[in-house]
J.: 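Starting off with a structure, shown below.
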Amino acid sequence: MTEQDNLRAMRHSLAHIMASAIQRLWPDVKLGVGPVVENGFYYDVDLGDGEQLSVDDFGRIETEMSKIIKANEPFERLEMPVAEAVEWAKKYNQPYKEELLNDLKRAGTTIAKDLDADELGLAAEGDSKVETVSFYRNGDFTDLCRGPHVESTGKVGAFKLMRVAGAYWRGKDTNPQMQRVYGVAFETPKELRQYLTMLEEAKKRDHRKLGQELDLFTFSELVGSGLPLFTPRGTVLRQELTNFAESLRIGSGFERVSIPHITKTELYKVSGHWDKFGDELFLVQSQETSDQFALKPMNCPHHNQIYASRPRSYRDLPIKYFETTTVYRDEKTGELGGLSRVRSISQDDSHAYCRPDQVEGVVAGLIDDVQTLYGTLGMSLRARLSFRDSDDKYLGEPELWEEAQATIRTLAEKSKLEYFEAEGEAAFYGPKIDFMATDAIGREHQVATVQLDFVQPERFGLEYTTEDGSPSRPVMVHCALLGSIERFLSVYIEHTAGRFPVWVAPEQIRLISVNQEAETLSFVDDVVRQAKELGLRVTADNNNESVGKKIRSAEIWKVPYTIVLGEKEIAGGELTPRIRSDLAVSSDAKSYAVNEFLKTVVNEAKSRVNKSSL
RNA sequence: GCCGACAUAGCUCAGUUGGCCAGAGCGGCUGUUUUGUAAACAGCGGGUCGUGGGUUCGAAUCCCUCUGUCGGCUCCA
């Protein structure tokens, strides 16, 4: 058994132990499923009679679990015919288990396609009907289960119950809702502690907290949920990041286009999005005509109309458009949160219209841009090649798919990307490459995406004239480097913990006057003026406070360079910048002539480095 | 949308067996001080306790509605 398998067995065993502890405390509990998840496990339970578990009960449950662990009860595997198992479930009043068993009996799997039996931790012995099922017993607790488990309840490592949340039985929103109790578990207490420390760290860097503290963005009840408002500081962040992404586009031969934010709904009836996503559109009614409009939920159909506005020759291709613009999606309110999930979504979107023989070159260029961007931001990347599976929901010629997927695989190989393939993750219109970036505390986030599209060109009748004069369909390549800029900001704020490198820092230099004397203030003004002339973001703190307090304030605002100005500086004409600790390369404070310092900072910003050049 | 928790000053938070004018720290403003690398001192403002309704002699506190936030579920072009 590998270490991985052993950890899984430990976690799954803990799910059983937790269920058995809950059953001791609430004998009438009805049990759902209890699989292993990332970092731990959960079990879905239903206490019945509308009774609810809360985190206040965790102490009792954990105590009970500890007793079971201490008793070191062996896990015994037993088998019984399915019919007998159904009787067992009936007898012990476990309707959810009964339902699962009936599925096993009928279909041989616990559920059609939407849930993976393995994830559920349940028996599924292939596609044929199941004759016998396995149970595991520890002490007085018996549960339908495929296993494997650890030998006995004493061998489960370190765990902690984390939270309880609602979850639909078998993930369907028409089913009754159960309570899902989550726990985390590791082989050793040390690993558990490390994990909990990481969570603490994540909490400290929560972009919602930092957004408030660093005055980056806000929400207003009057404007509505999921509609972030960016302050001047937050807007600098957005702008610097999009400027960078846009400069990569321009370097790769994309041309900027510009479109309105609304359209007649006809556009989406043609594109096919109306049927699929119509209920998530914000509708806008004209008071003048009977036309119904919608706020755009994506940009491709608009861009397609620009492509379609004149005849295209094979010589014109690839035609590459890009635009940073906002789309609007009426997401369900319960799904919104911070900047991670919003209803006004800004995208650095691009669409390239290619001949089939150009797809490879275009995609290679985009992969290159993605790598440059995330390399500069100090995040490592992994790519998921999202391919189709055998489902019939995919549109477009199967040969085209095969070819495109092969191309993507070759490119991933050539670009030295770390990648993996995921069947069934493709969009309905084509395969894609989704990029995941790892942040400073080891969490992975989905960011950029490159998608091939065979469907929209067809739907919109996009064409170009080939060498022999016949019409042909271009292939569309969608790409967003930052993805949703709001979501990306949430990732980047947490990645940097708000300690932005100079090129993105809303406030790059803060000047602190030692006193209020006219000579000092005029010297400060002079440095501010010079810095602004060089395009730097500089502020002066001339408040009547102690130097110590003003330094502290600059630290709290995470300003990269703080400079105290007083008699000494006025006399010598030199500054001694205080460098924010994460940027500093050495700990010695050096002095620079005003001009020399400012020019160094300008160059540092221009080169987008993550360390101080001083 | 669903389940659960929550909403008190600009921020962070006290204040529940329903009861005197609703509190603190930070931030803000004013004054004193003229300050040298993470918090000088003093004073002053600031909240119809998210909204609307209800119960009660009396509601920040109990009940309902709505709005918003958080943890999940579901969804994600």
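A note on names: the letters A, B, ... follow the listed sequences, proteins ahead of strands, and every chain is numbered from 1. We use all heavy atoms of the structure for the numbers below, so side chains are in, but hydrogens, waters and symmetry mates are not.
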J.: Expressed in whole Å, how much space separates the C1' atoms belonging to rG4(B) and rA77(B)?
T.: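 It comes out at 31 Å once rounded to the nearest Å.
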J.: Checking all strands, does E517(A) fall into the base, sugar-phosphate, or nothing category for heavy-atom contacts under 4.0 angstrom?
T.: sugar-phosphate
J.: Measuring only the P atom in each nucleotide, how far is rG68(B) from rG23(B)? A whole number of Å is fine.
T.: 32 Å
J.: Taking CZ from F58(A) and P from rG4(B), how many angstroms apart are they, rounded to a whole number?
T.: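 To the nearest whole Å, that distance equals 16 Å.
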J.: Run the salt bridge (charged side-chain N to carboxylate O under 4.0 Å, His left out) test against R163(A) and tell me which residues pass, sequence neighbours left out.
T.: none
J.: Below the 4.0 Å mark, does rA40(B) have OP1 or OP2 next to a side-chain nitrogen or oxygen of S546(A)?
T.: yes
J.: If rU67(B) has a Watson-Crick or G-U wobble mate with both distances under 3.5 Å, name it; if not, just say none.
T.: rA7(B)
J.: Taking only the P atom of each, what is the distance from rU8(B) to rG52(B) in whole angstrom?
T.: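 The same atom, P, in both gives a distance of 16 Å.
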J.: Distance check, C1' atoms only: rU35(B) and rG47(B), in whole angstrom units.
T.: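 It works out to 35 Å between them.
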J.: Under 6.0 Å between the ring centres of Y561(A) and F597(A)?
T.: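 Ring-ring flag for Y561(A)/F597(A): true, centres closer than 6.0 Å.
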J.: Could you state the CZ-C1' distance from R510(A) to rU37(B), rounded to the nearest angstrom?
T.: 14 Å
J.: Could you state the NE2-C1' distance from H478(A) to rA77(B), rounded to the nearest angstrom?
T.: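 To the nearest whole Å, that distance equals 9 Å.
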J.: Under 4.0 Å between a side-chain N or O of K549(A) and OP1 or OP2 of rU33(B)?
T.: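 K549(A) to rU33(B) OP1/OP2: no side-chain N or O under 4.0 Å.
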J.: Ignoring hydrogens and angles, are the base of rC75(B) and the side chain of R341(A) linked by a donor-acceptor pair under 3.5 Å?
T.: yes
J.: In whole angstrom, give the distance that lies between atom CG of L339(A) and atom P of rC70(B).
T.: 10 Å
J.: Which atoms form the tightest heavy-atom contact between C354(A) and V477(A), and what is the distance?
T.: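 Between these two residues, the closest heavy atoms are SG-CG2, 3.9 Å.
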J.: Check every atom of rG1(B), rU32(B), rA38(B) against the side chain of N544(A) and return the nucleotide holding the closest atom.
T.: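 The answer is rU32(B), which lies nearest to the side chain.
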J.: Can you tell me the distance, in whole Å, between the CD1 atom of I345(A) and the P atom of rC75(B)?
T.: 17 Å
J.: Tell me whether the side-chain N or O atoms of E569(A) pair up with the base of rG36(B) as donor and acceptor below 3.5 Å, since no angle test is needed here.
T.: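 Under the 3.5 Å cut-off, the side chain and the base do form a donor-acceptor pair.
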J.: In the structure shown, which nucleotide is the Watson-Crick or G-U wobble counterpart of rC57(B), with both distances under 3.5 Å?
T.: rG19(B)
J.: Between rU16(B) and rC73(B), how many Å separate the two P atoms, rounded to a whole number?
T.: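 The answer is 35 Å between these two P atoms.
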J.: Tell me which nucleotide among rU35(B), rG72(B), rU37(B) gets nearest to the side chain of N515(A).
T.: rU35(B)
J.: When rounded to the nearest Å, what value does the distance between C1' atoms of rG19(B) and rC62(B) take?
T.: 15 Å
J.: With a 4.0 Å limit, can you tell me whether R578(A) has a side-chain N or O closer than that to the phosphate oxygens OP1/OP2 of rA38(B)?
T.: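 Checking R578(A) against rA38(B): at least one side-chain N or O falls below 4.0 Å of OP1 or OP2.
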J.: Taking all non-hydrogen atoms of both residues, which atom of V455(A) and which atom of F428(A) are closest, and how far apart?
T.: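 Minimum heavy-atom separation between V455(A) and F428(A): CG2-O, 4.5 Å.
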J.: Could you tell me which nucleotide pairs with rC41(B) by Watson-Crick or G-U wobble geometry, both distances under 3.5 Å, or answer none if nothing does?
T.: rG31(B)
J.: Strictly below 4.0 Å: does Y328(A) bring a side-chain N or O up to OP1 or OP2 of rA77(B)?
T.: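 No, outside the criterion.
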J.: Taking the same atom, C1', in rU48(B) and in rC21(B), what whole-Å distance lies between them?
T.: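 After rounding to an integer number of Å, I get 15 Å for this pair.
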J.: Please determine if E555(A) and R552(A) form a salt bridge, counting it only when a charged side-chain N lies under 4.0 Å from a carboxylate O.
T.: no
J.: Taking N and O atoms by type only, does the side chain of E335(A) place a donor or acceptor under 3.5 Å from a partner on the base of rU74(B)?
T.: yes
J.: Can a donor-acceptor pair be found between the side chains of D348(A) and T324(A) at a distance below 3.5 Å?
T.: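 Distance-only check fails for D348(A) and T324(A).
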J.: Of all the nucleotides listed (rU35(B), rG72(B), rA77(B)), which has the minimum atom distance to the side chain of H273(A)?
T.: rA77(B)
J.: Can a side chain N or O of T333(A) be found less than 4.0 Å away from OP1 or OP2 on rG1(B)?
T.: yes
J.: If we call it a pair only when both distances are under 3.5 Å in a Watson-Crick or G-U wobble match, what pairs with rU48(B)?
T.: none
J.: Tell me which nucleotide among rC11(B), rG36(B), rG68(B) gets nearest to the side chain of K568(A).
T.: rG36(B)
J.: Could you tell me how far apart E213(A) (CD) and rA38(B) (P) are, to the nearest whole angstrom?
T.: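 The distance from CD of E213(A) to P of rA38(B) comes to 20 Å, rounded to the nearest Å.
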J.: From C-beta outward on V514(A), which listed nucleotide comes closest to its side chain: rA77(B), rG36(B), rC73(B)?
T.: rG36(B)
J.: Quick check, does F277(A) stack with rA77(B)? I mean ring centres under 5.5 Å and planes off by under 30°.
T.: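 F277(A) vs rA77(B): stacking yes.
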J.: Can you name the nearest heavy-atom pair linking S344(A) to V342(A), along with the distance?
T.: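 Taking S344(A) first and V342(A) second, the nearest heavy atoms are O-CG2, 3.1 Å.
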J.: With nearest nucleotide decided by heavy atoms, which residue, M178(A) or G566(A), maps closer to the 5′ end of RNA chain B?
T.: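 So the residue in question is M178(A).
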J.: Would you say the base of rG1(B) and the side-chain of Y168(A) have a donor-acceptor pair closer than 3.5 Å?
T.: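 Side chain to base: pair present.
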J.: Under 4.0 Å, heavy atoms only, any strand: does G338(A) hit a base, just the sugar-phosphate, or nothing?
T.: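 Sugar-phosphate: the residue G338(A), judged by heavy atoms under 4.0 Å, touches backbone atoms but no base.
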J.: Which pair of non-hydrogen atoms, one from V514(A) and one from T520(A), has the smallest distance, and what is that distance?
T.: N-CG2, 4.2 Å
J.: Measure from CH2 on W169(A) to C1' on rC2(B) and round the result to the nearest Å.
T.: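 Going from CH2 in W169(A) over to C1' in rC2(B) covers 18 Å.
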J.: Can you figure out which of rA77(B), rA40(B), rC70(B) approaches the side chain of E545(A) most closely?
T.: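 So the side chain of E545(A) is nearest to rA40(B).
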J.: Is it true that atom CD of E574(A) has more than 12 heavy atoms of other residues, nucleotides or ligands lying nearer than 6.0 Å?
T.: yes
J.: When rounded to the nearest Å, what value does the distance between P atoms of rU51(B) and rU61(B) take?
T.: 11 Å
J.: So what does F428(A) touch, heavy atoms closer than 4.0 Å: a base, only the sugar-phosphate, or nothing?
T.: nothing
J.: Need one value for V564(A): base, sugar-phosphate or nothing, where a base atom within 4.0 Å counts as base even if backbone is also close, heavy atoms only.
T.: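 It contacts base atoms.
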J.: Can you check the I556(A) CD1 to rC11(B) P distance for me, whole Å?
T.: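 Going from CD1 in I556(A) over to P in rC11(B) covers 17 Å.
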J.: Can you identify which nucleotide, out of rC73(B), rU37(B), rA38(B), has its nearest atom closest to the R552(A) side chain?
T.: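 Comparing rC73(B), rU37(B), rA38(B) against the side chain of R552(A), the answer is rA38(B).
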J.: From the options rG68(B), rA38(B), rU33(B), select the nucleotide whose nearest atom is closest to the side chain of E221(A).
T.: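 When the side chain of E221(A) is considered, rG68(B) is the closest of rG68(B), rA38(B), rU33(B).
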J.: Please tell me which of M298(A) and T562(A) maps to the more 5' nucleotide of RNA chain B, matching each residue to the nucleotide holding its nearest heavy atom.
T.: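 In this pair, the answer is T562(A).
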J.: Within the structure shown, what part of the strands sits under 4.0 Å from Y182(A) by heavy-atom distance: base, sugar-phosphate, or nothing?
T.: sugar-phosphate
J.: Kindly say whether, by distance alone, the side chain of R208(A) makes a donor-acceptor pair under 3.5 Å with the base of rC70(B)?
T.: no
J.: Using the ring centroid of each side chain, check whether F282(A) and Y328(A) are separated by less than 6.0 Å.
T.: no
J.: Over all strands shown, is G337(A) touching base, sugar-phosphate only, or nothing at heavy-atom distances under 4.0 angstrom?
T.: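 Since only primed, P, OP1 and OP2 atoms lie under 4.0 Å of G337(A), the category is sugar-phosphate.
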